[in-house]
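To keep things clear, I will list the structure first and then write my remarks on it.
Protein chains get the first letters and strands the later ones, always in sequence-line order, with residue 1 at the start of each. No experiment lies behind these values; they were computed from the predicted model shown.
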Protein chains: 2
Amino acid sequence: MATTELAVTISDAEWRVMRIVWTLGQADSRTIIDLLEQQHDWKAPTIKTLIGRLVKKGALGTTKNGRQFIYTPLIKEQAAMDGALLNELDQMCAMHRGTSLVHVLEQTELSKTDVQNLIDCLTQKLPSAPTMVDCDCLPDGCEGSCDV
Amino acid sequence: MATTELAVTISDAEWRVMRIVWTLGQADSRTIIDLLEQQHDWKAPTIKTLIGRLVKKGALGTTKNGRQFIYTPLIKEQAAMDGALLNELDQMCAMHRGTSLVHVLEQTELSKTDVQNLIDCLTQKLPSAPTMVDCDCLPDGCEGSCDV
DNA sequence: CAATTAAGATTACATTTGTAAACGAAAGGG
DNA sequence: CCCTTTCGTTTACAAATGTAATCTTAATTG
C-alpha cells in the first residue's frame with residue numbers, strides 16, 4: 001500500500017449532502033437543494049455552503065454544465081461508511097467492541113442476504129478467534145475488570 | 001419510556017478521558033493526567049479542560065476527597081459505545097448498512113465468545129429478516145441503484 | 001434591452017472541539 | 001508561618017461545524 005489516503009472527514013450535515021449525490025450518482029445544486037429542503041429545514045444558502053465545503057475537501061468533484069455545476073462523488077459511499085464506523089470503533093475499548101456490535105446488530109434492520117453474509121463472515125472467523133481481547137484503555141492494559 | 005435521555009455527546013478527546021475512568025471505575029485528576037500524558041502528548045492543562053467539560057456535560061460525577069476530587073462515570077461505557085455506533089450508522093444509507101457491518105466485523109478482532117454471540121444474534125434474526133432494506137437517502141426512497 | 005432570477009462565491013457568526021496558559025486557593029514542607 | 005507544589009477554575013485562541021445572509025454575475029424573460 002503506497003497511497004497515503006488522507007481520508008476526507010465528512011461532518012454530519014455534509015453527510016446528508018453526500019447521500020443525495022451518492023444515491024443519484026451525480027446532481028446539480030438545484031436538485032440537491034430541493035431534496036434537502038424537503039428533508040430538513042435548511043435554507044438554500046446552508047446547503048450551498050455544505051456543497052462548497054465538500055468540494056473543497058475533495059469529497060465532491062465538479063463538472064461545468066453551462067452556467068452551473070454537476071457534482072459527482074469523489075469518494076465511495078461504502079468506503080466512507082466503513083471508515084466512519086471503524087474510526088468510531090477504534091476509539092473505543094477493544095475489549096467491549098464485540099458486545100457493542102451485538103447490540104448494534106440487534107437494533108439494525110438487515111436483509112436476509114446481509115444477515116447471511118454476516119453469519120458467513122463470523123463463521124469463518126470463529127476458528128481463529130482468540131479466547132479474549134484485552135482492554136486497551138490504559139497505557140499497559142487493564143485487568144479486565146472494567147466497570148461496564 | 002418516560003425518561004427523555006439527553007444523550008451526552010462525548011468528543012474524541014473526551015472519549016480518552018472517559019475510557020480511563022471507566023476502566024478504573026473512578027480516578028482522581030492526578031491519575032487521569034498521568035495516564036493520559038503517557039498515551040498522548042497532551043499537557044496537563046489540556047486534560048484538566050477535558051475533565052472539566054465532561055463534568056459540565058454530566059458524563060463524570062465528582063466526590064470531594066480532601067482538597068481534590070474523585071471522578072466517577074455517570075454514564076455507562078457500553079451504553080455510550082452502543083449509542084455512538086448506532087448514531088453513526090443511523091446517518092448512513094439503510095440499504096448499505098449491512099455491507100458496512102460485514103466490513104467492520106471482518107476488520108475487528110473479536111473473541112470467540114463475541115463471535116458466537118454475534119452468530120447467535122444473527123441466527124435469531126435470520127427468519128424474520130426482510131428480503132431487502134430500502135435506501136432512505138431521498139425524501140421518497142431511491143431505486144436501489146445507488147452507486148457504491 | 002431592462003428587470004428579475006438563479007448560481008456560485010464571499011462573508012458572518014455562534015457553538016463545539018482541540019489545545020493550552022494563567023490564576024487563585026489550599027496544602028504540605030521546612 | 002512562609003514558600004512551593006498542586007488542584008481546580010478562568011481565560012485564550014484557532015479550527016471545524018451548523019446555519020445563513022449578502023453579493024456578484026450571468027442568464028432568463030418580458
OP1, OP2 of dG8(D) versus side-chain N and O of Ser29(B): anything below 4.0 Å? yes
Which pairs count as ring pair (Phe, Tyr, Trp, His ring centres under 6.0 Å) when at least one residue sits in residues 24-60 of chain B, sequence neighbours excluded? His40(B)-Trp42(B)
Show me the pairs that pass salt bridge (Lys or Arg N to Asp or Glu O under 4.0 Å) and involve [range], at least two apart or across chains.
range: residues 98-114 of chain B; value: none
range: residues 86-98 of chain A; value: Arg97(A)-Asp136(A)
range: residues 28-39 of chain B; value: Arg30(B)-Asp34(B)

For a quick check, with a 4.0 angstrom heavy-atom cut-off, what is the B/S/- contact string for nucleotides 24-30 of chain D, read 5' to 3'? ---SS--
Scoring nucleotides 16-22 of chain D by protein non-hydrogen atoms under 4.0 Å (B base, S sugar-phosphate only, - none) yields -BBBBB-
Please report how far the helix from dC1(C)-dG30(D) to dG30(C)-dC1(D) bends, comparing the axis fitted to its first five pairs with the axis fitted to its last five, to the nearest 10 degrees. 10°
Quick one: side chains of residues 52-72 of chain B, donor-acceptor pairs under 3.5 Å with protein atoms, not counting sequence neighbours, listed by atom name and distance.
residue  : atom : partner  : partner atom : Å
Lys57(B) : NZ   : Thr9(B)  : O            : 2.8
Lys57(B) : NZ   : Glu14(B) : OE1          : 2.5
Lys57(B) : NZ   : Glu14(B) : OE2          : 3.1

Apply side chain to side chain donor-acceptor pair (under 3.5 Å) to [X] and list each qualifying residue two or more places apart in sequence or on a separate chain.
X: Gln91(B); result: Asp12(A)
X: Asn117(B); result: none
X: Asp120(B); result: Gln116(B)

How long is the straight-line distance from [atom2] of [Y] back to [atom1] of [X], given to the nearest 0.5 Å?
X: Thr108(A); Y: Met92(B); atom1: OG1; atom2: CE; answer: 11.0 Å
X: Ile32(A); Y: Leu24(A); atom1: CD1; atom2: CG; answer: 8.0 Å
X: His103(A); Y: Ser100(A); atom1: NE2; atom2: OG; answer: 7.0 Å

Cluster overlap Leu74(B) with Met81(B), hydrophobic side-chain contacts below 4.5 Å: no
Which nucleotide span of DNA chain C, 5' end to 3' end, has atoms closer than 4.0 Å to non-hydrogen atoms of chain B? dT17(C) to dG28(C)
